[in-house]
Structures are given as C-alpha cells and as structure tokens.
Peer 1: 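Got a structure here, written out as structure tokens. Questions coming.
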Amino acid sequence: MRKVQREDCINTEAAQRREWLDTNGLGGYASSTVINCHTRKYHGMLVAALREPRGSFVLLSKVEASLMHGEKEFLLSTNKYPGVYHPTGHQFFDGFEQGLTPSATYRIGDTVVRKSTMMVHGENSVLICYELLEGSISPTLRLRPLLAYRDIHALAHENMHLRPKTFPVRNGRKIDPYEGMPPLYMTLNRSNEFFPGPKWYNSLEYLKERSRGFDYHEDLFCPGVFEVVLKKGNPVVFAASTEEVKNPERRRKAELARREEEYSRCRSNRKHVRFLKFQGRQFLVRNRDDMPSVVAGYHWFGEWGRDTMLALPGLAFCCGRQGFGEEIISAYASLERDGLLPNYLAQQSSHMAYNSVDASLLFFWTVQQYLRFGGGMEFVQEALYPALHNIVAAHLEGRVPHCRVDESGLLFAGDENTQLTWMDAQAYGRPVTPRHGAAVEINALWYNALRFFLELTRERDSAEALAGRAESAAGALHAAFEDRFWNHEDNCLADVVHGNGQDRSIRPNQVFAISLPHSMLGIDRMRAVIQTVQEHLLTPFGLRTLSPRNPAYAPFYEGGPDQRDAAYHQGQVWPWLAGHFGEAFLKQAEDATSARKFLRDYLKPLLDAFPEEYGIASIPEIYTGDPPHRPEGCIAQAWSVGEVIRLHRLLGGK
C-alpha cells in the first residue's frame, strides 16, 4: 500500500510527479497523477484494449467532479491549460492512497469525500466511487465526463465528425461519438439527472509529453453533466464502459472482493514485496485474441516475447500463479517458428515480429525457473519439449534467420543492419549499440539451452537423435568461450566478439555467463567478472548498461525521442538486471549468508520501497545512470517487477 500525504498533493509540481495505475487484465487501464491532473497523453480513466477496431484507445479521459451546496460549487478537478491551472481542486486534497484501489480524499470544511477508481477485471469498464465520509450536509455531486476517443499515441482535437447526441439508458446515458468506434455507456448506481450540454474543453496541456519532445495539447469533449445527491452511507458509483453496466454498485463490490481474495494469496515476509506481488497481476493479461500473455510495461508497451520470458518467473511462478504461467508459456511455445519465438505481438494487427535472437533462448531459462519454483516435469515434457527441441534443431541446422554457429561453436547473430538483442535502440536513424556478432549473453544462453535440452532428453524414454549434435556443440562452445571472450585488460568478459576482435565495452550482459543454471566459467573468473561489474555497473537500483568510464556513457535520460534513445542502453540503470546480478553474486560467493546480507542491504531501495515519485506502486523501466538515480521510462515495467520478486525469493524471502 502506498500513501501520499496532503502536502505532496496540494503542491502541483510535486503531485504531478506521482502517478497511479489500475488495470483490467485485458491490457486496458486507468491512470493519472495523484491529483488527477493528466501529464501524459497516455493518462485516462478508461483506456481500452479493443478487438475492433484493434488497438489501445483512450475513450474516457477524465471525469470532472464538483460538489454543490446552495449557490456554491467546489470544483475537485485540476487541469493544466496554457499559463494556468484550472480548476484548482488539488487545494481540497487530503491525501491519496493506492491499496486494493487508487483512492483520493478531499476535505472542504467539515465535508470529507473519498473517490476510488477501479477497472473491472476482464471488461473494458471503469468504476469511480464517491463516498461522503464526514459532513453535516448532503451536497449535490456533479460529474462531467470528458471524452478523447483516440489511439493512445495520438491526441484529440475539436472536430465536426463527433456525434454529440446522447441516448437514455437505465440511470445513465449512452453516446456513440464516432463511426467505427464502440459506444460509451455512462451509468450510475441510482437515479440521477442528466443535463445535455455538448462542449469542447480546449488546449489541455500534458507537461510530461512536452518534456519528452512530443505534441502536448489536447481538446476533450463533454456531452453534459450528471447530478446526484451524495449522502452518508450511500456511495455514488459512476460506471463508464463499452457495454452497459446495469448494477455498478454490485459490480464494484464483486471486483473489490476479487481483489481482496487475490491479495490474500500474495504472501511474503515483507509488506512491500507482498504488495508488489499483488501489483504484479497488472501485467498478466488475456489479449485481444484471448491469448494469455504479459504486457511489457505501462503505459505504452505491448506484448514482447523477450520481456515475457524474463518477467514470467517472478510474476507467476514466485507468486502462486502457476496455472496462468503455464498457459502463457505454452501459448508462446506454440508460436515457435524456425527456432525463434516472436519478439513482438502487434497491438493493431495480428502480426508477429520474429526479430530477436534471445527470446527463444530465454525460453529455456524460463522453463528452468518454472521447474525450480515448483513446476512439473510432466508438463514440460508434454507441452514444451517439442518447441525446445525445434529451437535447438533449427540453430544446429542453420535454419534460424540471421544466425549461424561457427566452427568454434560460437553463436553469431545479425549484421550491421539488424538489432537482435535486448539492446536494440536506434537513434538518429542508426543503431546506438551495434551488437552483431557473437554477443556474450546470447552465447551464455545458447550453452545453457543446449545443456538443459540434454537434461530433458535423458528424462525421456526414447533416445533423442539430436542429443549427440547438441553434446558436441555444447562441448565446442565451452572450450572456446573463455578464450574468445575474455577481456584481459579489464579482467572481465567482452560484450561482443566479431570479425574485428572484441567489443570490450563493460556492460551488464556478461553476468548471464554466471547467473544461468549452466555456466562455462570457472570460479576465479566468475569472481573477476563480479568484481568488475560491481566496480563499474552496480547501483542500488540495478545495473548500469555501460561503465561511466566509457566515453560514450550517457548518465541522463532527457530530451526528445532520439536524445533519449541514444542514452537508453548507454548508462541508464535497468532494475531487471538486479535479478541476474544477484544470482551471479550468490553463485560465486564464498559465504552465501554474507552474500545475501550484502545484496539485501545494497539493493534495499529496490527491495523495500517504491519510488517516492513516478509510478508510486510499481517499479519503473529504468533509472538514470548517475545519482540520485531518477526513475524514468515506463512507470510500471513487467521484468522490473518480476525480477525484483524473484531476487527477493533468491535471497531467502517468501
């Protein structure tokens, strides 16, 4: 549970740096800042992942609320317009809390009102509940829905195509604003009055978009005003949905009960980790094709094979969600093609991009973690082995696009025109971190895949013809690995081996050569790698992507898209890497107890607390390279959350 105090809410600058998120298990969400002043085009009260039209859309951007008593109206909303904030409802804030639901409290004299927001699991529906907690009067609650009805990456502007007319439904209204888009049903849990008054709210400003170098002005449409009396003990529930919600209060109670049950199943000896496990559910979805999957990050990431493989052990297998985890991993296994798993499942089409070399190799590691945390070998052999077999066979037979195993056993991938590893950013029209050749983590993953495949073949009743070739390939790679990758100058592993020799940039990818279940390094060189990584890359929030001593080191993440992408893998800190570093550190330690204590103490900011600012109840995509390591990127990232949960488990936590 996260709380934000009143003093941090009435300060607009501080409040706008704190964001909340609530999701629906379909890829849709509700999100804003704690004072509900949008700073991103991705903020909205009903952001829906639709099947038709296919994509993610901000349907309902905001609900402007006010309290009426006599002739006085107290506006509870806050918006940024050019040169001014209006209204200034943040002055009435008494605090914010994200527990089972995000909730804000307002205080006006002796009147105290709580607003809580929740998405309904499995539906494109949002429920906003207003409760009168204290007060000697029963004010009239006014609600003004503001519609955007646009793709999450776009912005809406006043136009003549919108159809402003609303139609009555039970305790509410229906609007069908654009042809080809679903209608929006807006209903309350009891009788109310609706006053039509079509109006555009022009030039709202989203300051985070301005800082990111994007357009940041938007116009929102209000079809009218709902009015209802707010009484103690009789909450008002406003529902907005692509389908009619006939009993919003009953739906709210059912969703709250579902969340309480799920939270009760999230057990941990640390409150922070228990809540993190609960929040981890936000990334597990059934997508537009009803496929179980993982959303890589909110607000703008979709479903990525690489991210799914890295996040799944923590999000599912360490959180008591084994059944859903099995569904996800078997669904991805069924998508194997030519030795690859899809890197990306497109949001706006059924297209799948098979353009990563690591997703299919990480698949082996994910299966190993499944077995490690209580999964069954029978499921692996029956549901997953065919895909594992095909991946090994395709690599050994040279059928994997852009990949080849050379005579020494090293796995080479890509060329100067491709970016096939996780460090795939491009800026100013060119790759930022060209890693074509034999990348260190790819070869570590390939060796681990071969050894695990051989373990599985020994479990099977029949002999596996591919096993002999796999054994030879693993032996050749093991014999060549240290000689080809060892960087004698820095006493660690090179990042890439290519035709011109070695790329000796000190990067975190080398920890995979230790952290994976099967390693090719001896203990002395394991310790040398860890010492170098500690000295150059380790921070309390994860590992830097490049040593600060490198002339290309970029410590800050700011400016427009190209400027940010140029820094993305050139020194920014990635929390998910803490999981593999932690496992590598434990593997080479002389004293496991002392090693666990060191990691718990050093990574305490990651293991014990959410960011004070940014996404207030999750772990972000990245932190800046230099102290104080500001959170940046997505406010909630699947592999960040998953690997912190897994690291906690590795350190003896529950």
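Computed from a prediction, not measured in an experiment: that's the story for all the values here.
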Peer 1: Ignoring hydrogens and angles, tell me if any N or O in the side chain of Y149 forms a donor-acceptor pair with the backbone of P182 under 3.5 Å.
Peer 2: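 Here the side-chain-to-backbone pair exists.
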Peer 1: Within a 6.0 Å radius of atom CG on N11, are there more than 12 heavy atoms belonging to other residues, nucleotides or ligands?
Peer 2: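 More than 12 within 6.0 Å, yes.
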Peer 1: Look only at the side chain of T433 and the backbone of M423, and say whether a donor-acceptor pair between them is shorter than 3.5 Å.
Peer 2: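 Yes, because the side chain of T433 sits within donor-acceptor range (under 3.5 Å) of the backbone of M423.
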Peer 1: Charged N to carboxylate O under 4.0 angstrom, R630 versus E613?
Peer 2: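 No salt bridge links R630 with E613.
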Peer 1: With no hydrogens and no angle check, is any side-chain donor or acceptor of N189 less than 3.5 Å from a backbone partner on V237?
Peer 2: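 Confirmed, N189 side chain pairs with V237 backbone.
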Peer 1: Just checking H69: does its NE2 atom have more than 12 heavy atoms from other residues, nucleotides or ligands closer to it than 6.0 angstrom?
Peer 2: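 Counting other residues, nucleotides and ligands, NE2 of H69 stays at 12 neighbours or fewer.
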Peer 1: Side-chain contact test, heavy atoms from C-beta onward, threshold under 4.5 Å: evaluate it for Q572 versus T624 and give yes or no.
Peer 2: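 The answer is yes, as the side chains (C-beta and beyond) meet within the 4.5 Å cut-off.
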Peer 1: Can you tell me how far apart CE (M119) and OG (S31) are? Round to the nearest 0.5 Å.
Peer 2: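 Result: 10.5 Å between the selected atoms.
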Peer 1: Relative to Y206, does K41 satisfy both conditions: NZ or CZ under 6.0 angstrom from the six-membered ring centre, and within 45 degrees of the ring's axis?
Peer 2: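 No.
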Peer 1: Flag the pair W574 / W422 as yes when their ring centroid distance falls below 6.0 Å, and as no otherwise.
Peer 2: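 That pair passes the under 6.0 Å test.
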Peer 1: Would you say that more than 12 heavy atoms from the other residues, nucleotides or ligands in this model lie under 6.0 Å from the NE2 of H157, or not?
Peer 2: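 Correct, the count exceeds 12.
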Peer 1: Just to verify, what does Y42 make a ring-ring contact (aromatic ring centres under 6.0 Å, His included) with, not counting sequence neighbours?
Peer 2: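 ring-ring contact (aromatic ring centres under 6.0 Å, His included) list for Y42, sorted by chain: H153, W300.
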Peer 1: For a side-chain hydrogen bond (donor to acceptor under 3.5 Å, both in side chains) with T78, tell me which candidate from H90, Q91, E64 qualifies.
Peer 2: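 Exactly one pass, corresponding to H90.
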Peer 1: Is the closest basic N to carboxylate O distance between R259 and E262 below 4.0 Å?
Peer 2: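 A salt bridge is absent here (no side-chain N lies under 4.0 Å from a carboxylate O).
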Peer 1: Could you tell me whether E97 and R2 make a salt bridge, using a distance below 4.0 angstrom between a side-chain N and a carboxylate O?
Peer 2: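 No, no charged N to carboxylate O under 4.0 Å.
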Peer 1: Check the orientation of Y263 and F278. Use parallel for under 30°, tilted for 30 to 60°, and perpendicular for over 60°.
Peer 2: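 Ring orientation, 0 to 90° scale: perpendicular.
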Peer 1: Hey, can you tell me if Y298 and F283 have their rings parallel, tilted or perpendicular (30° and 60° cut-offs)?
Peer 2: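 Ring orientation of Y298 relative to F283: tilted.
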Peer 1: Are the side chain of H161 and the backbone N or O of Y178 linked by a donor-acceptor pair below 3.5 Å?
Peer 2: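 The answer is no, because no donor-acceptor pair under 3.5 Å joins these two groups.
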Peer 1: First locate atom CZ of R114, then atom CG of D94, and finally report the distance between them rounded to the nearest 0.5 Å.
Peer 2: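 Going from the CZ atom of R114 to the CG atom of D94 covers 12.0 Å.
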Peer 1: Check the pair H43 / H299 against ring-ring contact (aromatic ring centres under 6.0 Å, His included), numbers first and verdict last.
Peer 2: CA-CA 8 Å; H43 285 154; H299 303 93; 5.3 Å; yes
Peer 1: Taking only Lys NZ, Arg NE, NH1 and NH2, and the carboxylate oxygens of Asp or Glu, determine whether E255 and R258 approach each other closer than 4.0 Å.
Peer 2: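 Salt bridge present between E255 and R258.
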Peer 1: Quick check: do E123 and E243 have side-chain heavy atoms less than 4.5 Å from each other?
Peer 2: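 E123 vs E243: side chains apart.
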Peer 1: Assess whether ring-ring contact (aromatic ring centres under 6.0 Å, His included) is satisfied between F610 and H272, documenting all intermediate values.
Peer 2: CA-CA 8 Å; F610 294 112; H272 168 72; 4.4 Å; yes
Peer 1: So does R212 pair up with E558, basic N to acidic O under 4.0 Å?
Peer 2: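 Salt bridge: no.
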Peer 1: Between R430 and D562, does at least one N-O distance fall below 4.0 Å, as a salt bridge requires?
Peer 2: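 Answer for the salt bridge query: no.
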Peer 1: Counting N and O atoms only, with roles assigned by atom type, does the side chain of N343 sit under 3.5 Å from a partner on the main chain of S356, one being a donor and the other an acceptor?
Peer 2: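 No, because the side chain of N343 does not come within donor-acceptor range (under 3.5 Å) of the backbone of S356.
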Peer 1: Do F93 and Y106 have their ring centres less than 6.0 Å from each other?
Peer 2: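 Between F93 and Y106, the centre distance is under 6.0 Å.
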